[in-house]
Amino acid sequence: MTGAVCMRCAQRYPAKNLDGPCPRCGPEGVLDIEFDLDRARRALSLRGLDSRPRDQWRYRELLPLPARARVAPLHVGWTPIEDAPRLARWAGLRSLRLKDESRNPTASFKDRASGVGVARALAGGARVVACASTGNAASSLAGAAASVGLRSVIFVPEFAPEPKVAQLLVFGARVIRVAGTYDETWELCQRACDAYGWYNRNAAVNPSLVEGKKTCGLEIAEQLGPAVPDWVAVSVGDGCTIAGTWKGLREMRALNFIERLPRMLGVQAEGARPLVDAFEQGRDLAPGPAQTLADSICVGHPRNWRKALRAVRESKGAFVAVPDEAILEAMREAGRLSGVFGEPAGVAGLAGLRKAVAEGIVSRRADALAVVTGSGLKDVKSAIRAAGKPVTLRPDDAELAAYLKERPV
Ligand SMILES: *Cc1c(COP(=O)(O)O)cnc(C)c1O
């Protein structure tokens, strides 16, 4: 690490205290951590990486980890990239791959950020870690904290899906449900961290966490090498996931692991599309309403909007919004046509890709990768809405035969 720079005022800071925003700008001034890529280039080679563990720590030179950092034992990262030819046809694409983030220990992309957050909390001597989340950041933090014996305090808005809340409780988190929006829940958590001195894992204002998310981009580059896709589609709430993925790809380009960079497709829900609007109108963020069944991206005030817009603009990518029905359709079709089961926000990137192809933003000849950011088991209600309910029959051969005659398999 060489230091950090404020995304708002461009002030530079030395590489310490990298767990909060710019002291001058407050939460609007998200920091961006910088690394000495020349030194990293000497340490990281394909051959050298070969002998390292296949998890997110294989890129330790590019992570804000203190020397000899203790990390949680859970296996985070090196998730598979699956080829999905039938789903590609559905999306209108020549080729489509899925990076399946549901394969992380608590079944979402967020484990990448919490891994780094918990390592930094341990290094800093924290005993309590906290975050606000609609569920995935929360369960990943609670799980990682449980694995090393830290206590976790989690603020969730009332609409958080029950399976996610159950996951938190099982991990022994202190769960505080907030009767309010996600944005209000987030503000309450910020104030509580200040008041009680808890380690704040809110990814948007804690720059170290985006570095954890970066490992997704580092992996895509290492796993695919010369076959790096033309487009990478990511669903967007606060904007940390797309920003981190892009940063990882960019660093791997700088380290010569890949020869060109993909374009980033940011996907939001129609009911929560402040970044789509800012992108289309070429202006800064104006917070807006947030309503979508994709709870993980139900964000009206994306805290990391500058990094998210930068990722899409720098990569000559695009932002699109998709209605909830298209998200449910993507949930069903991803399952049916590829065997990958994503939660609504997990497949929103896919839904956006299909729309971007239909609108000519993404070429039909493109080679695309969608990051499936979280498991469908996180939101069973939406899964049933997407796929329907099964028939119930008596244990009777004639009844089965009659049913199959009506509905052949
Ligand atoms: C958090 C989350 C996102 C969006 O990430 P942001 O950093 O908020 O943009 C997308 N999908 C899932 C499953 C998530 O949990």
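Counting convention: from 1, in listed order, for ligands and their atoms alike.
Atoms OH and CE, from Y59 and M252 in turn, are 5.0 Å apart once rounded to the nearest 0.5 Å.
Interface of V236 with ligand 1, defined as ligand atoms under 4.0 Å from a residue heavy atom, comprises 9 (O). Each of the following atoms of ligand 1 lies closer than 4.0 Å to a heavy atom of K213: 7 (O). Close approach of ligand 1 to G374 (heavy-atom distance below 4.0 Å) involves ligand atoms 13 (C). Atoms of ligand 1 found under 4.0 Å from any heavy atom of G237, numbered from 1 in the order shown, are 4 (C), 6 (P), 8 (O), 9 (O). Near C240, with a cut-off below 4.0 Å to any heavy atom, the atoms of ligand 1 are 6 (P), 7 (O), 9 (O). Listed by number with element, the atoms of ligand 1 under 4.0 Å from a non-hydrogen atom of S235 are 4 (C), 10 (C), 11 (N). Residue-ligand proximity, E343 to ligand 1, at heavy-atom distances under 4.0 Å covers atoms 13 (C).
On a distance-only criterion, G239 and ligand 1 share at least one N/O pair closer than 3.5 Å. In terms of polar-atom proximity, K110 is counted as a contact of ligand 1, with an N or O under 3.5 Å from an N or O of the ligand.
At a threshold of 4.5 Å between non-hydrogen side-chain atoms, the residues E251 and L62 count as touching. Side-chain contact between L96 and L87 is present, with at least one heavy-atom pair separated by less than 4.5 Å. Looking at heavy atoms from C-beta onward, I258 lies out of side-chain contact with L224 at the 4.5 angstrom threshold.
Considering only non-hydrogen protein atoms, atom 5 (O) of ligand 1 sits nearest to T241 OG1, 2.7 Å. Remark: minimum distance from atom 8 (O) of ligand 1 to any protein heavy atom is reached at D238 N, 2.8 Å.
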- Item | From CA spacing to verdict: side chain to side chain donor-acceptor pair (under 3.5 Å), K99, T373 | CA-CA 8 Å; K99 185 152 177 72; T373 46; over 6 Å; no
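Neither the backbone nor the side chain of E101 comes within 4.0 Å of ligand 1, counting heavy atoms alone. When heavy-atom distances to ligand 1 are checked against a 4.0 Å cut-off, T373 comes that close through both its backbone and its side chain.
Residue S108 places no heavy atom under 4.0 Å from ligand 1.
R112 forms a cation-pi arrangement with F109, by the criterion of a distance under 6.0 Å to the ring centre and an angle within 45° of the ring axis. For the pair K247 and F35, the cation-pi criterion (under 6.0 Å, within 45° of the ring axis) is not fulfilled. The cationic atom of R303 (NZ for Lys, CZ for Arg) lies less than 6.0 Å from the six-membered ring centre of W186 and within 45° of the ring axis. Judged by a 6.0 Å distance limit and a 45° cone about the ring axis, R58 is positioned over the six-membered ring of W78.
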